[in-house]
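The analysis underlying the following values was restricted to heavy atoms, covering all of them including side chains, and did not include hydrogens, waters or symmetry mates.
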Amino acid sequence: MPENVVDRSERQNEAPLTILYRDEYIVVIDKPPNLLVHRSEIDRHETRFAIQILRDQIGQRVWPAHRLDRGTSGVLLFGLNPGIASLLGRQFEAGTVDKRYWAVVRGHPPATGTIDHPLRRQRDPYEFRDERSSMEAQPALTRFRKLAEIELPVTVDRYPSSRYALLELTPLSGRRHQLRRHLKHIAHPIIGDATYGKGRHNRYFAEHLSCHRLLLACTQLGFDHPISGRRLEIKAPVSGEFAATLARFGWNPRDR
């Protein structure tokens with residue numbers, strides 16, 4: 001059977017993406033965890049991409065205005081033509097987009113804080129670079145606010161009890177893996193982060209709390225509509241294993 005016929009059959013069985021907002025210019029989805037935004041040379045074996053699934057779902061091509069890491073869920077914005085996506089992308093570059101994330105982290109950070117820590121640029125292995133390509137650290141700024149915390153009477157690491165917290169994160173710059181790298185920098189890594197996190201805590205959540213994902217989600221995106229200029233604020237509540245973890249800990253941060 002031709003490859004394209006197999007692909008069509010698989011896509012017919014694909015769970016539809018949750019659309020949070022749509023008009024003739026843009027579409028916003030709630031990206032599930034463990035889904036790539038687009039094809040990547042790093043994950044050549046993957047056959048599922050948000051761009052492809054959404055294109056088939058709405059019957060037209062889409063262009064991402066930004067990206068979320070594979071493991072990160074939440075609000076993801078697309079333009080319905082390249083020009084619109086470019087206009088939206090400029091807002092991200094100019095820092096006028098309000099981005100809010102939730103993350104479950106190890107330990108008990110302060111009630112509020114700012115992480116001002118430059119980050120070296122991370123390049124894909126296949127990305128072109130020449131002698132002018134800079135690897136110097138670039139300014140990176142993240143604000144955080146603690147929404148809830150808990151201390152469990154279990155030994156996961158070297159302490160007799162284990163502490164965790166739910167943070168609201170506001171990145172004021174857009175460096176690659178910024179939130180994950182910044183939380184590692186202040187010794188409060190995000191649970192489920194296989195690259196920057198703590199393996200023992202990740203395994204505890206997977207084996208004892210039935211949570212196998214990166215506990216990071218984009219819960220809110222505020223931006224100007226590229227045509228009308230109207231300010232839009234799109235929200236996506238956490239769901240699945242993320243929501244189950246909050247419920248297990250008795251956290252209801254929307255009451256705060």
Side-chain angles (χ1 to χ4, degrees), residues 30-36 42-43 46 67-75 99-117 119-120 122 140-171 175-220 236-256:
D30 183 0
K31 186 185 86 67
N34 300 316
L35 177 66
L36 290 169
I42 299 177
D43 297 282
E46 287 294 336
R67 69 180 182 180
L68 296 176
D69 291 343
R70 175 178 179 170
T72 305
S73 61
V75 186
K99 298 168 285 186
R100 305 292 176 92
Y101 291 75
W102 279 8
V104 177
V105 303
R106 182 182 68 84
H108 286 176
T112 61
T114 299
I115 307 171
D116 185 355
H117 177 65
L119 297 172
R120 289 170 59 89
Q122 292 186 331
L141 196 65
T142 300
R143 290 178 183 158
F144 67 84
R145 178 170 68 101
K146 185 163 58 180
L147 302 177
E149 62 182 28
I150 193 171
E151 184 165 357
L152 303 179
V154 294
T155 301
V156 175
D157 210 331
R158 60 183 183 275
Y159 303 106
S161 61
S162 300
R163 295 179 172 183
Y164 303 101
L166 175 66
L167 300 184
E168 179 186 70
L169 304 169
T170 304
R175 309 307 175 198
R176 191 171 187 182
H177 298 168
Q178 176 174 316
L179 299 179
R180 296 162 59 191
R181 296 164 73 186
H182 267 178
L183 270 297
K184 175 186 178 182
H185 175 70
I186 64 170
H188 295 292
I190 299 174
I191 298 300
D193 192 334
T195 303
Y196 305 103
K198 296 280 288 186
R200 293 181 181 178
H201 293 274
N202 295 347
R203 286 191 294 273
Y204 174 76
F205 271 68
E207 295 170 3
H208 298 276
L209 303 179
S210 300
C211 184
H212 304 82
R213 59 158 293 180
L214 172 70
L215 289 178
L216 176 65
C218 180
T219 58
Q220 180 176 321
V238 296
S239 59
E241 292 180 0
F242 204 138
T245 299
L246 302 191
R248 182 185 291 270
F249 289 167
W251 290 344
N252 190 4
R254 296 196 183 281
D255 290 342
R256 291 179 57 116

Residues in ring pair (Phe, Tyr, Trp, His ring centres under 6.0 Å) contact with His185, at least two apart in sequence or another chain: His117

Name all residues meeting the ring pair (Phe, Tyr, Trp, His ring centres under 6.0 Å) criterion together with Tyr164; count only those two or more places apart in sequence or in a different chain, and write none if there are none. His201, Phe205

Side chains of Leu167 and Pro109: does their closest heavy-atom pair fall under 4.5 Å? yes

Tell me every residue that passes side-chain hydrogen bond (donor to acceptor under 3.5 Å, both in side chains) with His208, counting only those two or more places apart in sequence or in another chain. none

Ala236 and Val75 have their tightest heavy-atom pair at CB-CG2, 3.7 Å

Which residues pass the side-chain hydrogen bond (donor to acceptor under 3.5 Å, both in side chains) test with His182, not counting sequence neighbours? Thr142

Interatomic distance, OG1@Thr195 vs NZ@Lys184, rounded to 0.5 Å, equals 9.0 Å

Minimum side-chain heavy-atom gap Arg163-His188 below 4.5 Å: no

According to ring pair (Phe, Tyr, Trp, His ring centres under 6.0 Å), who are the partners of Tyr159, at least two apart in sequence or on a separate chain? none

Scan residues 199-209 for pairs that pass salt bridge (charged side-chain N to carboxylate O under 4.0 Å, His left out), counting only residues two or more places apart or in two chains. Asp157-Arg200

Which heavy atom of Arg176 sits nearest to which heavy atom of Arg181, and what is that distance? O-NH1, 3.1 Å

For Glu149, enumerate each residue passing the salt bridge (charged side-chain N to carboxylate O under 4.0 Å, His left out) test, keeping only those at least two apart in sequence or located in another chain. Lys146

Pairwise distance CD1(Ile191) to CG(Leu166) - rounded to 0.5 angstrom: 11.5 Å

State which residues pass salt bridge (charged side-chain N to carboxylate O under 4.0 Å, His left out) with Arg143; sequence neighbours excluded, sorted by chain then number. none

What are the two closest heavy atoms between Pro189 and Tyr196, and how far apart are they? CB-O, 3.6 Å

Step-by-step side chain to side chain donor-acceptor pair (under 3.5 Å) determination, Ser73 to Arg213: CA-CA 10 Å; Ser73 61; Arg213 59 158 293 180; 3.0 Å; yes

Would you check if the side chain of Arg106 reaches a backbone N or O of Ala187 as a donor-acceptor pair within less than 3.5 Å? yes

Does the pair Trp251 and Leu147 meet the rule for a side chain to side chain contact (heavy atoms under 4.5 Å, CB included), with working shown? CA-CA 9 Å; Trp251 290 344; Leu147 302 177; over 6 Å; no

Set of ring pair (Phe, Tyr, Trp, His ring centres under 6.0 Å) partners for Trp102, sequence neighbours left out: none

Partners of Arg180 by salt bridge (charged side-chain N to carboxylate O under 4.0 Å, His left out), sequence neighbours excluded? Asp69, Asp193

Quick one: do Leu169 and Leu183 satisfy side chain to side chain contact (heavy atoms under 4.5 Å, CB included)? Show the steps, please. CA-CA 10 Å; Leu169 304 169; Leu183 270 297; 3.9 Å; yes

Take Tyr204 and Leu152 through the test side chain to side chain contact (heavy atoms under 4.5 Å, CB included) and record every step on the way to the result. CA-CA 12 Å; Tyr204 174 76; Leu152 303 179; 3.9 Å; yes

Nearest heavy-atom approach of Leu216 to Phe242 is N-CE1, 3.6 Å

How many angstroms lie between CG in Leu68 and CG in Leu36, if you round to the nearest 0.5 Å? 11.5 Å

Rounded distance [0.5 Å steps], CD1 in Ile190 versus OG1 in Thr72: 7.5 Å

Only counting residues at least two apart or in another chain, list the ones meeting side-chain hydrogen bond (donor to acceptor under 3.5 Å, both in side chains) with Asn202. none

Is the backbone N or O of Pro160 less than 3.5 Å from a side-chain atom of Thr155, with the two atoms forming a donor-acceptor pair by type? yes

Ignoring hydrogens and geometry, is there a side-chain-to-backbone donor-acceptor pair from Gln178 to Leu141 under 3.5 Å? yes

The side-chain hydrogen bond (donor to acceptor under 3.5 Å, both in side chains) partners of Arg175 (sequence neighbours excluded) come to none

